[in-house]
Amino acid sequence: MNTTQKLIKGLRMPWALTSKSRRAKRSQTRGARVSQHNAAAVATEDALEARRRSGSTTKKTEGRKENLRQRAEAQAAASIPWRHEHKNVRASRLGFYDPAAPGVLSSTRQMEFSHMAIASPPTSHRGLAFGIDAGSGWMIVHDPFTSYGNELESPNVCFIGDLGQGKSSAIKTWAVLRQLILGRRVVVIDKKYQLDQNGGEYTSLAERLEITPVKFMVGGGGARINILDPRIAARLHEDNHDDTALSTPAGQSMLVRAVVEEALGRPLLPKEGKAVRMAHKQALRAAAAAIEVADVRHVLKALYSPDEATATASNLTVEELRQWGQDPAFELERMIEDDLAGLIDGPTSTEISLNAGLTVFDVSLLPEDGPALAIVMTIINTWLANTLYRQAEPVPTILVIEEAWHTVQGSVAKVTRRNTKLSRALSLSSMFAFHHISDIPEDSPAIAMLKECGTVLLYKQQKSDDAWACERMFNLPSGSAADISSLTKGTCMMRIGSKDPFIAIHVRSALEIELTDTDKAMKSTATMNDVEASAQEEAA
């Protein structure tokens, strides 16, 4: 065996086996030294014990004894064959590094075990704090605007979960309050009525920020929105009625058509649609001649009494236009005098503005049944989209729609869908809250709208069918439905873009907990005696 082969063979052997004779000799030397130190330590201990018996032992002597004992133990440990815990006491005191354990030859495959798994953070460090990752303990920092183009391609967000699981708390904090800190525009459509606030659940939050919510109510006494107001929809007509192919927000004609279809409870027939479009044009001409802003009553008048110029422009007779517009006119008149009374039948209220940091539209007093709620939500959505479309400098804007199932049916769903498709161009993040996917009809445009949301927050779904529906719709990993069904209050399964979902724990500050408390009515301790006393005070 030549010198090179001997060297290679020596390198392959563990360090502990390369020189048995030298290790044995060193062990004997160390043993002799330990014996000497042990003997000295015993003698010292005997002397100390004698002094203690004579009553002269002090704390200083006890400290010296402890030092001697530690030194003896260290010397005894040195007699053991070298191991990685070995320390040179004197060198350590002088500030030298302790010797490292000798290496062992191995391969990358064998050493894979040494690279233990370390959980990476679920999000980047850019954005707004949401909470904590339940799996790793990392902070969750996410924002639809700062994450756009990196983690996700759509700024829209959806919240889905049973009642009382923390959806509203997350929306009020992460989607509203924390967005306002960055100077962004936030528009909220508030649907949940709170008895203790005599209005929507955002009333106390708005008042804390010195903002007055815009209230809507049927029959007058509340705010009014004119669907023909140029501020809401400056474009009067859409040349192409395929709303999915247009790159601009809905205009006046789409809003008028949506309102009339809601009045009829069905889509417009071709002849009816022609009569409504021509009535809209006639209403605008008549209002301009009278130097006033047209509203839906001008359209109703034009349906009942089309003029000669309108008939000639459409190559029809006046009687034909009048006949084609009879059914839409009858239902539209009933709606603006009944279901929508005081809502869309006049000029837009002056107190409504979208230029504030936070604008709250309180629709909690509108009836659950009927078209009023869906139409008002759609008008607000369209107004905001057109406002952003005309702005010179894009301001990131958040539109929050809780109880969003009101906007997923009928013609209003088409308008909402059209506006949300323009979110990226408008710097708009639309945030929708639903209880269950089953609330949405299978043929509703809202299904496609939810699938395109870049951020999804899934809260507990008590029914397994609802949990499975979430797993299928958002293409979650197998077994996610079981995790969704077992979520606790305040936690959700969050999916950002195409990344794997993770369990998020929402964290709130003390002020946020106070502003997001919607259980005051359920926690009330009032009695009938209190009610009677209040009534007597009011009577007095």
Side-chain angles (χ1 to χ4, degrees), residues 156-176 188-195 200-202 361-374 376-378 381 398-410 412-413 416-417 420 430-453 455-476 480-495 501 503-504 506 516-519 521-522:
N156 297 327
V157 182
C158 70
F159 298 76
I160 300 177
D162 290 341
L163 284 170
Q165 296 304 313
K167 297 191 306 297
S168 294
S169 296
I171 294 173
K172 287 180 181 178
T173 55
W174 179 68
V176 177
V188 178
I189 302 180
D190 186 8
K191 177 62 188 73
K192 295 181 181 178
Y193 179 78
Q194 297 291 314
L195 181 62
E201 63 174 325
Y202 282 81
F361 292 102
D362 186 350
V363 297
S364 61
L365 296 178
L366 296 180
E368 291 281 348
D369 299 328
L373 186 58
V376 171
M377 284 185 172
T378 304
N381 190 325
I398 296 88
L399 172 63
V400 175
I401 305 180
E402 296 206 43
E403 306 292 330
W405 61 272
H406 294 282
T407 65
V408 300
Q409 301 184 47
V412 293
T416 303
R417 162 71 170 155
T420 54
S430 298
M431 301 191 180
F432 307 94
F434 295 91
H435 292 153
H436 313 288
I437 293 179
S438 58
D439 295 336
I440 309 172
E442 294 183 358
D443 58 346
S444 172
I447 294 294
M449 182 178 69
L450 288 184
K451 289 182 178 180
E452 294 174 359
C453 286
T455 305
V456 180
L457 294 90
L458 303 174
Y459 288 78
K460 183 176 182 178
Q461 298 280 278
Q462 188 69 38
K463 296 181 180 179
S464 58
D465 290 344
D466 293 328
W468 278 108
C470 292
E471 181 178 319
R472 290 191 299 269
M473 171 171 282
F474 299 109
N475 195 26
L476 301 176
S480 297
D483 294 334
I484 295 172
S485 298
S486 60
L487 290 172
T488 58
K489 184 175 181 179
T491 63
C492 66
M493 178 177 289
M494 180 181 286
R495 193 203 68 182
I503 304 301
H506 180 224
T516 57
D517 182 13
T518 57
D519 297 329
M522 292 299 297

Just by modelled atom types, is the Phe474 backbone N or O under 3.5 Å from a matching donor or acceptor in the Arg495 side chain? yes
side-chain hydrogen bond (donor to acceptor under 3.5 Å, both in side chains) filter on Ser480, not counting sequence neighbours, yields none
Which pair of non-hydrogen atoms, one from Lys191 and one from Leu366, has the smallest distance, and what is that distance? NZ-O, 4.3 Å
Would a distance-only check, ignoring hydrogens and angles, find a side-chain to backbone donor-acceptor pair under 3.5 Å from Thr491 to Leu487? no
When Met431, Glu402, Gln165 are each screened for side-chain contact (heavy atoms from CB on, under 4.5 Å) with Phe159, the one that passes is Met431
State which residue, out of Ile171, Val176, Leu399, fulfils the side-chain contact (heavy atoms from CB on, under 4.5 Å) condition with Val188. Val176
Gap separating the NZ atom of Lys460 from the CE atom of Met493, nearest 0.5 angstrom: 13.5 Å
Would you give the length of the straight line joining atom CD of Glu452 to atom OG of Ser430, rounded to the nearest 0.5 angstrom? 11.5 Å
If you look at every heavy atom in Ser485 and Ser464, which pair is closest and at what distance? OG-CA, 4.4 Å
Can you name the closest pair of heavy atoms from Ile398 and Ala175 and give their distance? CG2-O, 3.7 Å
For Ser364, the side chain to side chain contact (heavy atoms under 4.5 Å, CB included) test, sequence neighbours excluded, returns Tyr193, Asp362
When rounded to the nearest 0.5 angstrom, what is the spacing between CD1 in Ile437 and CD1 in Ile160? 4.5 Å
With sequence neighbours left out, what residues match Asp466 under side-chain hydrogen bond (donor to acceptor under 3.5 Å, both in side chains)? His436
Roughly how far, to the nearest 0.5 Å, is the CD atom of Gln461 from the OG atom of Ser486? 12.5 Å
Heavy-atom pair with the smallest gap, counting every atom of Tyr459 and Ile484: O-CG2, 3.6 Å
Under the side-chain hydrogen bond (donor to acceptor under 3.5 Å, both in side chains) test, which residues partner Asp190, sequence neighbours left out? none
When you measure from the side chain of Lys167 to the backbone N and O of Asp162, does any donor-acceptor pair fall under 3.5 Å? yes
Can you give me the closest heavy-atom contact between Glu201 and Ser168, atom names plus distance? OE2-OG, 3.7 Å
Leu476 and Pro501 have their tightest heavy-atom pair at CD2-CG, 4.2 Å
Do Asn156 and Cys453 have side chains that approach each other closer than 4.5 Å (heavy atoms only, starting at C-beta)? yes
By side-chain hydrogen bond (donor to acceptor under 3.5 Å, both in side chains), Lys463 pairs with (sequence neighbours left out) none
Mind checking ring pair (Phe, Tyr, Trp, His ring centres under 6.0 Å) for His506 and listing every partner two or more places apart, or none if nothing turns up? Phe130
